[in-house]
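Numbered from 1 within each chain, the chains take letters A, B, ... in sequence-line order.
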Amino acid sequence: MIVGSRKPIPELKRVLARHKKVLFAGCGTCVTVCLAGGEREVGITAYALRMARKLDGNPLEIEQVTIERQCENEFIQDVAAAVERNEAILSFACGAGVQALAERFPQKPVYAALNTQFLGILEEQAVWTEKCLGCGDCVLSDFGGVCPVTRCAKRMLNGPCGGSTEERCEVADPERPCAWQLIYKRLEAIGQLDNLERVYPAKDWRPSWHAGARKIVREEHRV
Amino acid sequence: MTTPMEVKNQLSQALRAQRLAITAECLPPRGADGAAVKRFVASLPKAVSAVVVAENHEEIRACALSCADLLLKEKVEPILPLVVRDRNRIALQSDVLGAALLGVTNVLCLSGDHQSLGVCPQAAGAFDVDPIQLLQALRAMRDDGVLPGGERLTPAPALFLGAVVHPYLRPMKLNVLQAKKKVAAGAQFLFTHPLWDVAAFVEWMNAMRDAGIPEKAHIVASVRPLASAEQAEALQKRHKADGIPDALLARMRKASAPANEGIALCAELAAKAKDIQGIRGIHVLSAGREDAVAPILEQAGLTRA
């Protein structure tokens with residue numbers, strides 16, 4: 001899923017400073033699950049900002065709504081009337097959702113309430129870890145299902161660097177295991193250590209973001 | 001594959017000779033002071049065959065290539081690091097071709113300390129290719145006269161190719177796999193991370209010998225002078241994989257003149273390294289303490305030219 005975190009209240013307060021009436025739009029998909037931009041977080045943020053603005057003697061009127069999927073026009077349509085009633089939108093969706101709203105409502109200012117961070121998984125209660133960069137040319141089959149492109153801080157494709165220990169990666173923040181130790185263990189467990197013997201070729205980054213923002217057209221499904 | 005081009009320079013000849021090869025590290029100046037390189041050369045012991053010009057190792061300095069050129073002008077043979085952290089494959093290829101124009105023949109392929117550990121935590125890392133992929137590309141540039149994209153090079157650059165190896169990387173089986181891969185990709189000489197824990201280093205050298213690595217590539221043991229107990233602590237904390245033993249830290253803490261103690265300690269480690277079977281050279285990784293190179297070599301009994 002897409003994982004994000006809510007921006008600090010002072011930053012949101014600064015961003016909304018020029019407005020008196022704002023629509024807070026949560027998203028019911030990934031960011032609800034990662035406890036960053038769902039109905040609950042919209043409510044808490046609205047409460048905090050309302051209070052902060054009241055203390056400044058410059059009250060902010062907030063309307064709250066949560067769209068089931070902000071990255072799809074079909075769902076965005078449902079809030080057109082609410083958008084019309086407000087000066088601006090504070091979107092609690094991922095970066096895709098924020099931009100979908102901005103494209104759909106060209107005359108309305110749209111602001112981001114979250115920092116969108118990564119494609120990851122729920123590791124344990126309230127802990128998420130990054131697993132995929134969306135590089136467009138998946139290498140997982142060669143590395144025992146552990147992604148070196150995402151999980152090695154140096155994106156090395158031919159084994160660990162000198163900062164690897166069996167416990168962790170030398171890059172300290174956040175603390176995490178060395179991806180190459182995980183790859184080694186996995187390949188050993190599944191009898192595929194020979195994958196590490198040949199030199200893995202330099203990656204073609206064109207399918208990744210490096211050739212600019214990507215677009216997918218599936219002709220067979222076009223109408 | 002084409003027959004490898006044999007490059008005969010000071011470093012390759014010293015590594016093939018009976019005696020140990022000696023190399024040292026020089027940090028390019030930070031300010032616009034080209035004369036700093038001249039001063040370094042004047043202090044350099046005759047025993048040193050080649051000098052590694054550090055590339056933005058722990059802080060931003062003048063680029064290694066310009067410093068390598070200044071060394072060549074002073075008749076000192078440089079070893080140019082190619083750091084995949086700072087350059088994508090376009091810049092790496094171009095720098096190697098530029099280095100060849102200047103007469104640089106030794107290159108050392110490495111990933112570089114991750115930028116977030118100190119040099120510039122806010123920077124994006126290039127990490128377009130890894131050091132093994134780079135070695136393979138450079139070997140093809142030299143032996144086949146082609147760039148990775150297929151463009152022909154006339155003439156091909158003469159390159160003596162080096163890589164960095166990690167004596168403390170465990171499990172040992174993974175370590176051996178890595179060293180073998182670096183050699184297979186084209187590494188002709190291997191510089192180790194600094195020697196701190198002698199027992200772990202010897203255990204690693206035994207594994208290297210069992211894998212036949214010293215017959216295929218010259219292994220050069222690095223030693224690094226510690227400047228103070230604080231620096232030793234910071235290094236221990238930052239580079240957990242390099243494992244500075246607590247005993248060394250304690251010795252630095254107890255020393256009344258820590259800078260001198262660091263030199264003495266470094267010389268002791270160099271003296272131990274030279275007796276380890278399979279070691280072909282000693283590299284004094286000065287890390288900015290260029291003035292320490294001469295006393296370290298002297299105290300380690302490595303001064304003969």
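A donor-acceptor pair under 3.5 Å is formed between the side chain of B:D130 and the backbone N or O of A:N158. Judged purely by atom type and a 3.5 angstrom limit, B:K181 uses its side chain to pair as donor or acceptor with the backbone of A:R198.
Contact annotation for B:H193: only side-chain heavy atoms (C-beta onward) come within less than 4.5 Å of a heavy atom of chain A. Both the backbone and the side chain of B:K173 have a heavy atom closer than 4.5 Å to some heavy atom of chain A. In this structure, chain B has a heavy atom under 4.5 Å from the side chain of A:E188, while its backbone stays farther away. No part of B:P167 comes within reach of chain A, as not one of its non-hydrogen atoms sits under 4.5 angstrom from that chain. At a 4.5 Å heavy-atom cutoff, B:A137 makes no contact with chain A through either its backbone or its side chain. In this structure, the portion of B:L117 lying under 4.5 Å from any heavy atom of chain A is its side chain and not its backbone. With a 4.5 angstrom heavy-atom cutoff, A:P201 touches chain B only via backbone atoms.
The shortest side-chain heavy-atom distance between A:Q181 and B:P171 falls under the 4.5 Å cut-off.
For the side-chain contact (heavy atoms from CB on, under 4.5 Å) test, residues two or more places apart in sequence or in another chain that qualify with A:R218 are A:I216, A:E220, A:H221. Judged as a salt bridge (charged side-chain N to carboxylate O under 4.0 Å, His left out), and not counting sequence neighbours, B:K272 has no contacts. The salt bridge (charged side-chain N to carboxylate O under 4.0 Å, His left out) check on A:R151 picks up nothing, with sequence neighbours excluded.
Note that the NZ atom of A:K203 and the CG atom of B:D128 stand 11.0 Å from one another [nearest 0.5 Å]. Here the straight-line distance linking atom CD of A:E170 with atom OG of B:S116 works out to 8.5 Å at 0.5 Å rounding. Separating the CG atom in B:L169 from the OH atom in A:Y184 is a distance of 10.0 Å, to the nearest 0.5 Å. The distance from atom SG of A:C161 to atom CZ of B:F127, rounded to the nearest 0.5 Å, is 8.0 Å. We find the NE2-SG distance between B:H114 and A:C169 to be 7.5 Å, quoted to the nearest 0.5 Å. Between the CE atom in A:M156 and the CD atom in B:Q133 there is a gap of 9.0 Å [rounded to 0.5 Å].
Heavy-atom pairs under 4.5 Å with chain A were tallied for B:Q136, B:K182, B:R170; the largest tally goes to B:R170. Comparing B:L134, B:I132, B:V129 by heavy-atom pairs within less than 4.5 Å of chain A, the highest count is held by B:I132. Of the listed residues (A:V199, A:T165, A:L193), the one with the most heavy-atom contacts under 4.5 Å to chain B is A:V199.
In A:K108, the NZ atom is crowded: over 12 heavy atoms of neighbouring residues, nucleotides or ligands sit closer than 6.0 Å. Other residues, nucleotides and ligands place more than 12 heavy atoms under 6.0 Å from the CZ atom of A:R50. Applying the 6.0 Å contact sphere to CD1 of B:I90 captures no more than 12 heavy atoms from other residues, nucleotides or ligands. The number of heavy atoms from other shown groups lying within 6.0 Å of CD (A:E219) is above 12.
In terms of heavy atoms, B:A126 sits closest to A:R155 at O-NH2, 2.6 Å. Here the closest non-hydrogen pair linking A:K154 and B:G112 is NZ-O, 2.7 Å.
Within residues 238-245 of chain B, the residues having any heavy atom under 4.5 Å from a heavy atom of chain A are, by residue number, B:R238, B:H239, B:K240, B:A241, B:D242.
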